[in-house]
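Structure first, commentary second.
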Amino acid sequence: MAEKTGTAQLTIGEKTFDLPMYSPTLGPDVVDIAKLYGQADVFTYDPGFTSTAACRSAITYIDGDKGELLYRGYPIEQLAKDSHFLEVCYLLLFGELPDKAQMVDFEERVTRHTMVHEQMNNFFRGFRRDSHPMATMVGVVGAMSAFYHDSLDINDPWQREVAAIRMIAKLPTIAAMAYKYSIGQPFVFPKNSLDYSSNFLHMCFAVPAEEYVVDPILSKAMDRIMMLHADHEQNASTSTVRLAGSSGANPFACIAAGIACLWGPAHGGANQACLEMLREIGTVDRIPEFIARAKDKDDPFRLMGFGHRVYKNFDPRATVMKESADEVLELMGIHNNPTLQVAKELERIALEDDYFISKKLYPNVDFYSGIILDAMGFPTAMFTPIFALSRTVGWIAQWKEMIGDDEQKIGRPRQLYVGETYRDYKPVDER
Ligand code: CMC
């Protein structure tokens with residue numbers, strides 16, 4: 001437990017309760033209410049956990065007002081410029097940047113696990129060809145617990161590590177297989193002479209009939225997308241992984257739960273939803289109609305790719321991603337296609353519009369990642385699987401941290417019950 005640095009007082013009726021307070025290394029102080037129910041017989045109410053820290057963590061820090069994102073203390077902008085995805089994986093998992101020997105060893109271990117069990121190919125073939133790749137991924141990653149029995153014991157640190165390496169290594173293979181299956185092409189085996197992101201692009205875009213050479217600009221952009229999505233503190237999918245893991249569920253089942261949560265359009269599914277929205281808007285002259293809908297309280301429509309629960313200034317990932325978008329569009333010779341025109345104009349209008357300014361709604365990472373992935377040739381259905389394979393390391397690092405935390409218990413929120421009070425059952429002919 002962190003050191004107690006103060007006391008908060010809560011008065012309910014005639015009684016006052018002392019609540020311990022802790023100071024984090026960064027961010028606001030925390031009031032500990034864990035014993036409040038026992039002492040005062042009240043619950044706290046916080047739908048969406050907007051004011052509740054559900055765990056202590058030393059992995060990622062976000063300052064939403066400053067637009068700051070740190071992995072283990074290192075700013076995302078520095079990592080995105082000078083590091084690479086597997087180094088970021090090491091950092092998130094083990095807490096420090098690796099030295100040369102540690103990096104070589106880690107890369108070798110990940111690379112040796114990129115292939116999937118041959119029997120998994122048959123498992124894939126059970127899905128309909130038109131399944132959404134996220135549906136396939138939830139199923140296949142969950143099914144890893146049926147294929148890798150020797151890394152299911154969460155109490156054995158060695159097995160935990162093997163499971164972590166397996167998932168980091170195999171998620172790109174599984175995502176690429178889901179894609180190939182959906183377009184009716186043969187699976188492409190991993191090529192271990194390639195780096196992590198080039199290997200993923202190769203598995204997605206190569207065909208056995210032709211030589212495929214990965215463009216270094218595209219592989220750099222893919223690597224950046226992976227780094228920028230690698231972890232993001234206690235977001236919905238990470239909290240889902242932690243909650244699933246708190247019961248002692250095996251790591252593959254926990255990550256499958258995270259993938260399921262990520263799929264939603266308010267979370268990882270926003271990149272797909274954003275590009276589909278840009279296409280639906282279609283032409284610049286229709287933007288005002290969609291802006292009006294986004295402002296209309298009676299219309300559930302939201303501008304996808306705008307806004308964030310934590311960033312209320314700008315999303316630092318979006319700034320880096322915008323740079324990559326420019327590089328990739330230049331390389332692909334895409335200067336003014338209709339979707340890009342709509343995206344640029346929408347971004348301009350929303351940044352000048354009072355509604356968006358007053359509510360602090362800025363383009364988020366998904367606004368730009370969709371544009372890049374589209375330019376690379378990925379169909380929109382693959383956007384969220386790419387987010388999932390990038391976030392896998394963050395989920396695992398958080399899961400590992402939770403298992404090693406001696407304060408960890410099974411997650412069990414309470415509720416503000418608003419249903420019927422006690423009533424007697426009546427047989428059907430008396431109702
Ligand atoms: N378009 C129009 N209005 C919006 C939007 C939007 N994208 N986002 C929020 N608002 C309004 C909302 O209607 C509300 O207005 P009011 O105060 O008048 O009721 C106000 O802004 C605050 O919204 P909120 O729903 O309380 O904010 P939240 O923190 O719960 O939601 C969010 C955050 C990301 C779910 C939301 O901004 C949203 O739905 N954005 C679109 C989906 C999206 O792009 N998601 C990707 C997030 S980044 C990737 C990731 O981390 O997964």
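Order of listing sets the numbers, starting from 1, for every ligand and every atom in it.
Classification of E161 and R109 as a salt-bridged pair holds, one side-chain N sitting under 4.0 Å from a carboxylate O. Using a 4.0 Å cut-off between charged side-chain N and carboxylate O, R348 and E352 make a salt bridge. Ion pair E323/R224 flagged as a salt bridge, since at least one NZ, NE, NH1 or NH2 atom sits closer than 4.0 Å to an Asp/Glu carboxylate oxygen.
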N/O pairs closer than 3.5 Å, ligand 1 and protein:
residue	atom	partner	partner atom	Å
ligand 1	1 (N)	L303	N	3.1
ligand 1	3 (N)	Y355	OH	3.1
ligand 1	7 (N)	L303	O	2.7
ligand 1	7 (N)	F306	O	3.0
ligand 1	13 (O)	R302	NH2	3.4
ligand 1	18 (O)	K297	NZ	2.5
ligand 1	18 (O)	K359	NZ	2.9
ligand 1	19 (O)	K297	NZ	3.2
ligand 1	25 (O)	R302	NH1	3.1
ligand 1	25 (O)	R302	NH2	2.9
ligand 1	29 (O)	R309	NE	2.9
ligand 1	30 (O)	R309	NE	3.4
ligand 1	30 (O)	R309	NH2	3.0
ligand 1	39 (O)	R302	NH1	3.0
ligand 1	40 (N)	F306	O	2.9
ligand 1	44 (O)	G305	N	2.9
ligand 1	44 (O)	N364	ND2	3.0
ligand 1	45 (N)	A266	O	3.2
ligand 1	51 (O)	H308	NE2	3.4
ligand 1	52 (O)	H267	O	3.4
ligand 1	52 (O)	H267	ND1	2.6

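Side-chain atoms of T114 and N192 form a donor-acceptor pair, as typed in the model, at a separation below 3.5 Å.
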*Please test S239 against N235 for side-chain hydrogen bond (donor to acceptor under 3.5 Å, both in side chains), starting from the C-alpha separation and ending with a verdict.*
CA-CA 6 Å; S239 300; N235 58 86; over 6 Å; no

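Taking the ring axis of Y181 as reference, the NZ or CZ atom of R129 stays within 45° of it and closer than 6.0 Å to the ring centre.
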